[in-house]
Amino acid sequence: MSKIFETPLYPYTRSTDQDAAEPAQHPVIVVGAGPIGLAAAIDLAMQDVAVVVVDDNDKVSWGSRAICFAKRPLEILDRLGCGDPMVDKGVMWNLGKVYFDERQVFGFNLLPEDGHKRPAFINLQQYYFEQYLIDRVRQLQAEGKPIELRGGNKVLEVAQKEDCVDLTIGTPDGPYRLHADWLIACDGAASPIRNMMGLDFVGRVFEDNFLIADVIMDAEFPTERWFWFDPPFNRGQSALLHKQPDNVWRIDFQLGWDIDRDEELKAENIDRRLKAMLGEDIKYELEWSSIYTFQCRRMDRFHEGRVIFAGDAAHQVSPFGARGANSGLQDTDNLGWKLKLILDGKAPESLLDSYDVERIHGADENILNSSRSTDFITPKSEISRIFRDAVLDLSERYEATRPMVNSGRLSVPCTYDGSPLNGPDCDGMPERTRPGSPMVDAPLPNGWLLDRLGSGFYLVAIDTDVPETLEIDGVGITGLRLSTDGDADGYLHQRYLGEAKSAVYLVRPDQHVAARWISYDEAETAGALRKAIGRSR
Amino acid sequence: MTELNTTANIAGPDEFYAELLAVHEDLSKAESDAFNARLILLLANHIGDRAVLSQALRAASLKKRDEEN
Ligand SMILES: Cc1cc2nc3c(=O)[nH]c(=O)nc-3n(C[C@H](O)[C@H](O)[C@H](O)COP(=O)(O)OP(=O)(O)OC[C@H]3O[C@@H](n4cnc5c(N)ncnc54)[C@H](O)[C@@H]3O)c2cc1C
């Protein structure tokens, strides 16, 4: 049976653009149909922005790559109309175990907080993730939304013109040209666009190799994340075991720096490693194997004129913490509404500067966290190994040092503290929903808070009144009135009121808080909205 | 805010010092290093206060104030 990732899902077909005398002009072209490019395109198409996605490939991710998807990206996918298939297929897990040498040091529970529609994490193969995004593209096309996916289209050249980006695209029928008002480069960590434009991508190289073996097996192991430091079957290195749907298990062996890649990737050598780890009688089928190395780095700026970078093209982290695809989705979440307002002439082009500010803030946070995990997993000096081992030895016996054990700090969304788009805050209200923060989900009498928001500005009123609709400088705002009367478990109160008696939140289309007050005031709201769309400082 | 206590605070300083050396007596260099690391981590957890811990890290580096940063 052929795998989904071996099946062309968007094979090359000839476009009429290839026969045009002059390059066809498109409002937005997305380069790359990976998770980030697809999400960006879906977001824009849902807002009726015509978008063309080009990719030199025509299949989903080869092998699984990313497997852990966090709550915030799932919420973003809900907004994009494709959260359900991901969560229905995904594997839910909460328990993790840490081993050191031959011993289990401790186990932990992610203890997801109640009162959220989505779980803290699901495990899902990246190929399924991309497949469901492509399903969503097809659904939007059936609804008549302006979205096109062109496989076998490889960007060969890119040039910035005064008022557009000029692309040369290679196809099986030869090259053709396209013009875009805006180009979104989601062409991955090796970003050919970034290279063609001569832009820097500097950071820290980690001298380490990791072998991934995704194996299909009927194993009795529980649905938990197991992480080994210095185990007998992989001395001096680490290892990871984690479950994916369809009985696929992710096994990750740290190999060190000086290795022979071809040798390590031989089936008999992978087999030897798996048997040392899981026992001689283990029966499995190898679905995918790969050796990866990584870097932690980002671009200086995330947009250059009319070319905007998102996902791995803009920033790269180690896989520990599952921050790659998760943070890339937050890029597109941040970008979609801003680009729509600019294209509609409702916001100045300088609004894109806030994309850089906010998402560089996010990238730096991810790079910091993932570098720290890497330093714990692979100590860089004798003394850092002494401390690392001391933490692990103590953790077997005492709770005290367990929070220092770092096998990856799992992705959480960042708060855009200090963003130029943030408006006024209000004393006494909860810290976690301050301006810049993503809205925290909460159960409502008939559904979930986050399902009521997104793809437009909202004024959320709790125990007070706001207008049903409002228009400021051509930008619509929808009022949403909520009451703590129906809030039996007190989630709305805890997450949005704190010490305040009532609250009004101005919420951006990406579900981040722009400003908040005790009660509604038209002038205050107008001021905060103008700030949130970059029309005033 | 609590300040790092850099005045003498241990009753029976000679006994404490002797006890500290005694635990290291039969340890190899590697075992001693590991022991010291565990001890630092336990004591740091006991103190808990991040500001005090940072002060202790500065104090232990023996830098003069004007050398800092
Ligand atoms: C082993 C491993 C484990 C990981 N685990 C996780 C995890 O658990 N959670 C997580 O969130 N992230 C994880 N990641 C990271 C995640 O896989 C990436 O962050 C994610 O794939 C980035 O998506 P992207 O769309 O930016 O780029 P990509 O997925 O790399 O997609 C880029 C696309 O651009 C296309 N392209 C490139 N050049 C051209 C061109 N010239 N013309 C046209 N098209 C082009 C490519 O064909 C490709 O389809 C992991 C990564 C690895 C390697």
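Lettering follows sequence order; numbering is per chain, from 1.
Under a cut-off of 6.0 angstrom, the local environment of CG in B/Asp26 is sparse, with at most 12 non-hydrogen atoms contributed by other residues, nucleotides or ligands. Within a 6.0 Å radius of CZ in A/Arg397, no more than 12 heavy atoms belonging to other residues, nucleotides or ligands are found. Other residues, nucleotides and ligands contribute only 12 or fewer heavy atoms inside 6.0 Å of the CZ atom of A/Arg372. Applying the 6.0 Å contact sphere to CG of B/Asn5 captures more than 12 heavy atoms from other residues, nucleotides or ligands.
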Please test A/Phe387 against B/Ile40 for side chain to side chain contact (heavy atoms under 4.5 Å, CB included), starting from the C-alpha separation and ending with a verdict. CA-CA 9 Å; A/Phe387 272 110; B/Ile40 290 169; 4.0 Å; yes

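Contact annotation for A/Asp389: neither backbone nor side-chain heavy atoms come within less than 4.5 Å of a heavy atom of chain B.
Annotation: the span from B/Asp33 atom CG to A/Ile383 atom CD1 amounts to 6.0 Å, rounded to 0.5 Å. The CG atom of B/Leu42 sits 7.0 Å away from atom OG1 of A/Thr401, with the distance rounded to the nearest 0.5 Å. Separating the CD atom in A/Glu399 from the CG atom in B/Asn45 is a distance of 8.0 Å, to the nearest 0.5 Å.
Shown here for B/Leu41 and A/Met404, the closest heavy-atom pair between the two residues is CD2-SD, 3.9 Å. When all heavy atoms are compared, the tightest approach of B/Ala37 to A/Ala390 is CB-CB, 3.6 Å.
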